[in-house]
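Take a look at the structure set out below.
None of these values were measured; they are calculated from a predicted model. FYI, side chains are in, hydrogens and waters are out, and symmetry mates aren't considered; it's all heavy atoms of this structure.
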Amino acid sequence: MENNIELEKSDFEEDRYSRLRLIPWWDQDRLKNASIMVVGAGAIGNELIKNLALLGIGNILIYDMDTIENTNLTRSVLYRLKDVGRNKAEVAAQRAMEINPDVNARAFVSNIIDDVGLGVFRRMNVVLGGLDNREARLAINQSCYKVNIPWIDGAIEALNGFARVFIPGHGACYECTMTETDWKLINKRKSCALLTHEQMQEGKIPTTPTSSSIVAGIQVQEMLKLLHSDRGLPTLAGKGYVFNGLTHDSYVVEYQEKSECMSHEIYDPIIEKPWSVRTMTLKELLKNVKEILGEKAVIDFDRDIAKVATCSCGEKKELFIPVHKLKGEMLICPKCGANMQFESFHTIKGDEEFLNKTLYEIGIPLMHIVGGRVGINSSYFEFTADKEEIFGK
């Protein structure tokens with residue numbers, strides 16, 4: 001009899017996710033098999049990562065370029081005093097797997113604007129943003145739209161915050177919401193990087209751990225609904241949830257979609273190829289694309305690449321770096337100290353003198369997607385051989 005009682009108890013023994021499974025529409029296997037990107041591992045990012053780990057999200061990719069400072073310790077649940085000076089992404093990934101050994105969290109100390117291939121975005125179920133940077137938000141928005149992946153933006157200031165959901169083809173995108181002031185601030189950042197020797201001083205935004213937990217909670221809740229999209233659950237697609245922490249008012253705003261928005265470009269078709277940006281030269285790429293599309297094909301990149309800088313004194317130097325990464329000091333002539341002018345390109349036709357360079361050598365990130373074009377017709381090729389280096393075996 002005692003053995004029978006023990007057997008009955010074991011039959012009903014709860015596992016880590018038992019209470020979650022009580023939700024009628026919940027599918028824990030979807031969470032286990034999901035891949036979620038978190039961009040920014042600061043106050044909001046910490047709360048996002050913590051929630052993803054608790055939920056058992058199978059693959060979490062964390063992107064952040066910064067290191068932990070003392071000021072992060074009042075707003076970031078994953079960091080400790082001993083972590084000051086370490087990379088945020090690496091510590092956050094480590095702590096996520098300590099919270100839940102079921103998750104696979106990978107850290108990338110990378111610039112989301114230039115260093116993340118579109119093939120990585122393409123393999124995400126949802127991208128979550130915890131950023132204080134308009135330019136990075138715009139880059140995420142454009143990348144997600146190109147590969148038809150939803151992303152959820154979060155922002156906080158003092159006791160206030162908002163969360164916004166952007167799904168390609170379903171209402172407004174992030175660029176649709178941008179004002180003239182937003183564009184001026186982005187252009188100011190770009191011009192400061194190019195025209196001055198000093199880094200632009202960025203304003204510090206006052207934040208609290210309470211507002212970040214509220215906003216990140218809404219973001220992850222919207223992510224869960226997107227992962228269960230066949231359940232008919234309402235989402236904030238093209239809308240934003242606004243929270244006023246002073247009065248505890250909250251409301252939903254709907255953004256106007258702009259038909260002329262430049263971000264509304266979806267790559268189609270995307271063809272996976274066993275190519276690697278580390279080893280394939282521009283010459284080899286052009287040859288392969290011509291074999292597929294025809295002899296009139298050219299290569300189009302989604303970014304301008306600075307090729308060479310020239311000074312009025314006659315000095316020249318190679319750059320081969322995305323224009324976005326150019327800093328003022330790179331354009332100072334080593335010979336006379338004057339400002340140099342640079343030339344850039346975004347198309348390869350076959351008559352270039354640098355065709356023996358690999359794509360990686362000119363600043364194309366791992367697992368990127370590159371366009372091949374004949375006239376106005378384009379096809380897109382993913383460098384799928386880089387997949388293992390990004391995701392592991």
Does anything in residues 276-302 pair up under ring pair (Phe, Tyr, Trp, His ring centres under 6.0 Å), and if so which pairs, sequence neighbours excluded? none
Looking at side-chain heavy atoms only, is the closest gap between Arg75 and Thr71 below 4.5 Å? yes
Side chain to side chain donor-acceptor pair (under 3.5 Å) partner of Lys325, chosen from Asp115, Asp114, Asn111: Asp115
Would you call the rings of Tyr380 and Tyr267 parallel, tilted or perpendicular, where under 30° means parallel and over 60° means perpendicular? parallel
Full working for side chain to side chain contact (heavy atoms under 4.5 Å, CB included) between Phe354 and Ile348: CA-CA 10 Å; Phe354 50 85; Ile348 298 295; 3.8 Å; yes
Does NZ belonging to Lys225 count more than 12 external heavy atoms closer than 6.0 Å? yes
Check whether any side-chain heavy atom of Met330 sits under 4.5 Å from a side-chain heavy atom of Phe342, and report yes or no. no
Measure the CG-OG distance between Asp300 and Ser379 for me, rounded to the nearest 0.5 Å. 11.5 Å
Please confirm whether Arg164 makes a cation-pi placement over Tyr241, using NZ or CZ under 6.0 Å from the six-membered ring centre and within 45° of the ring normal. no
On a heavy-atom basis, which atom in Ala136 and which in Ile112 lie closest, and how many Å separate them? CB-CG2, 3.9 Å
Cationic N near anionic O, under 4.0 Å, Arg30 to Asp230: yes
Using the ring centroid of each side chain, check whether Phe243 and Phe162 are separated by less than 6.0 Å. no
Gln94 versus Arg86, side-chain donor and acceptor atoms under 3.5 Å: yes
How are the rings of Phe166 and Tyr255 set to each other: parallel, tilted or perpendicular (split at 30° and 60°)? tilted
Cation-pi check, Lys146 onto Phe121 ring (under 6.0 Å, within 45° of axis): no
